[in-house]
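A short write-up of the structure that comes next.
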Amino acid sequence: MKLILIAAHDPNLVIGKDGTLPWHYSEDLKFFKRTTIGHPLLMGRVVFEEIDEKPLPGRENVVLSRSKSYDHVKTFSTIDAALDYLSDHKKVFVIGGGEIYRQLLGQADELVITEIKKEYEGDTFFPEYRDQIGKTWKETWREDHEEFSFVKYERVVGSLES
Ligand SMILES: NC(=O)c1ccc[n+]([C@@H]2O[C@H](COP(=O)([O-])OP(=O)(O)OC[C@H]3O[C@@H](n4cnc5c(N)ncnc54)[C@H](OP(=O)(O)O)[C@@H]3O)[C@@H](O)[C@H]2O)c1
């Protein structure tokens, strides 16, 4: 199973503010959809509440929570249990939020990042990974747009650090 973190961050690694996204870029939402469609999504409870507890269609939604469980989506109280459940899939997309990215960066095989060019105020951040580009992470694909760039990084085989 390939574990892929997919996130959009600003130049300061801001990803969220007050439990929601600080921005709205419809092209990024379309990119997110076409990248993840058909693959399972792993998310924290706060993200699941952000989407009004409505699973994103065309993808199995799996939620991490120590305090809640839902009848309509698989919920796990540990990351290991969730990853075990998802282990037969070819690709699993981790869609946040900050707490979940932080815990899974070290196990990720790939990062799919939307680099937002403008700076935003925020209270939630993607974990630092840019100091490891060229060491742990190798840029393998980039598509530049006016307001953001889509970038893929793959873990360098044999690297131990995140
Ligand atoms: N820009 C982006 O790409 C992007 C993507 C996603 C999210 N976001 C933003 O990020 C923010 C939300 O992130 P967040 O860090 O506040 O919350 P989060 O990561 O979505 O969820 C945190 C919750 O997940 C559960 N959890 C965390 N670690 C766990 C573990 N090891 N085992 C079981 N459950 C675990 C806990 O739920 P319980 O409290 O129920 O135990 C915890 O409170 C929002 O502002 C959102 O808009 C941005």
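Heads up: numbering here begins at 1 and tracks the sequence. Note that ligands are numbered from 1 as they come in the structure, with each ligand's atoms numbered from 1 the same way.
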Which is it for Phe48 and ligand 1 at heavy atoms under 4.0 Å: side chain, backbone, both or neither? neither
Side-chain donor or acceptor of Asn61 paired with backbone N/O of Leu41 under 3.5 Å: no
Any donor-acceptor N or O pair under 3.5 Å, side chains Arg66, Ser77: no
Charged N to carboxylate O below 4.0 Å: is that the case for Glu110 and Lys2? yes
Which option wins on minimum heavy-atom distance to atom 27 (C) of ligand 1: Glu99, Glu49, Arg102? Glu99
Name the closest protein heavy atom to atom 25 (C) of ligand 1, giving the residue it belongs to and the distance to 0.1 Å. Leu64 O, 3.3 Å
According to side-chain hydrogen bond (donor to acceptor under 3.5 Å, both in side chains), who are the partners of Tyr70, at least two apart in sequence or on a separate chain? none
Give yes or no for whether the N/O distance cutoff of 3.5 Å, strictly under, is met between Asp123 and ligand 1. no
I'd like to check which ligand 1 atoms, numbered from 1 as shown, lie under 4.0 Å from a non-hydrogen atom of Gly98. 13 (O), 14 (P), 15 (O), 19 (O)
Arg155 side chain to Gly106 backbone, donor-acceptor under 3.5 Å: yes
Does the distance from a Lys or Arg side-chain N to an Asp or Glu carboxylate O, for Glu115 and Lys117, drop under 4.0 Å? no
Would you call Arg45 and Glu99 a salt bridge, using N to O less than 4.0 angstrom? no
Measure the distance from atom 5 (C) of ligand 1 to every protein heavy atom, then report the residue, atom name and distance (to 0.1 Å) of the closest one. Tyr101 OH, 3.2 Å
Residue part near ligand 1, for Met43, under 4.0 Å between non-hydrogen atoms: neither
Just to verify, what does Phe76 make a ring pair (Phe, Tyr, Trp, His ring centres under 6.0 Å) with, not counting sequence neighbours? Tyr85
Atoms in ligand 1 flagged as close to Ile79, the criterion being non-hydrogen separation under 4.0 Å: 31 (N)
Just which atoms of ligand 1 are under 4.0 Å from any heavy atom in Thr20? 44 (C), 45 (O), 47 (O)
Ile4: which of Val94, Val112, Asp109 passes side chain to side chain contact (heavy atoms under 4.5 Å, CB included): Val112
For atom 23 (C) of ligand 1, the closest protein heavy atom turns out to be Arg45 N, 3.8 Å
With respect to atom 21 (O) of ligand 1, which of Val47, Val46, Val14, Val112 exhibits the smallest heavy-atom separation? Val46
Counting only heavy atoms closer than 4.0 Å, does ligand 1 sit against the backbone of Ile95, its side chain, both, or neither? backbone
Considering only the protein, which heavy-atom contact is closest to atom 31 (N) of ligand 1, and what is its distance? Gln103 OE1, 2.9 Å
Just which atoms of ligand 1 are under 4.0 Å from any heavy atom in Ala7? 3 (O)
His145 vs Phe148 aromatic rings, parallel, tilted or perpendicular, using cut-offs 30° and 60°? tilted
Note: ligand 1 atoms sitting under 4.0 Å from heavy atoms of Lys17 are 45 (O)
Of all the non-hydrogen atoms in the protein, which one sits nearest to atom 9 (C) of ligand 1, and at what distance? Ile15 O, 3.8 Å
Would you say Gly16 and ligand 1 have an N/O pair spaced under 3.5 Å apart? no
Judged by heavy atoms only, the candidate from Leu21, Leu5, Ile6 nearest atom 4 (C) of ligand 1 is Leu21
Do any N or O atoms from the side chain of Arg142 and from the backbone of Phe150 form a donor-acceptor pair under 3.5 angstrom? no
Is the shortest N/O to N/O distance between Gly96 and ligand 1 below 3.5 Å? no
Out of all atoms in ligand 1, which are within 4.0 Å of some heavy atom of Gly97? Include the element for each. 6 (C), 7 (C), 10 (O), 13 (O), 15 (O), 18 (P), 19 (O), 20 (O)
Considering only heavy atoms, does Glu50 approach ligand 1 within less than 4.0 Å through its side chain, its backbone, both, or neither? side chain
Atom 41 (O) of ligand 1 sits nearest the protein heavy atom Arg66 N, 2.8 Å
Counting each atom of ligand 1 from 1 as listed, which ones have a heavy atom of Ser67 under 4.0 Å away? 38 (P), 39 (O), 40 (O), 41 (O)
Is the shortest N/O to N/O distance between Ser77 and ligand 1 below 3.5 Å? yes
Run the ring-centre check on Tyr129 versus Tyr153 and record whether the distance is less than 6.0 Å. yes
Among all protein non-hydrogen atoms, which one is nearest to atom 34 (N) of ligand 1, and what is the separation to 0.1 Å? Ser65 N, 3.2 Å
Determine yes or no for a side-chain-to-main-chain donor-acceptor pair under 3.5 angstrom, with Ser65 supplying the side chain and Ser67 the backbone. yes
In the protein, which heavy atom is nearest to atom 3 (O) of ligand 1, and how far is it? Ala8 N, 2.8 Å
For Lys54, does its backbone N or O pair with a side-chain atom of Asp52 as donor and acceptor, under 3.5 Å? no
Examine distances only and state if a side-chain atom of Tyr101 and a backbone atom of Ile6 form a donor-acceptor pair shorter than 3.5 Å. yes
Output field: ring centroids Phe32/His39 closer than 6.0 Å: no
Side chain, backbone, both or neither: the part of Trp23 lying under 4.0 Å from ligand 1 by heavy atom: side chain
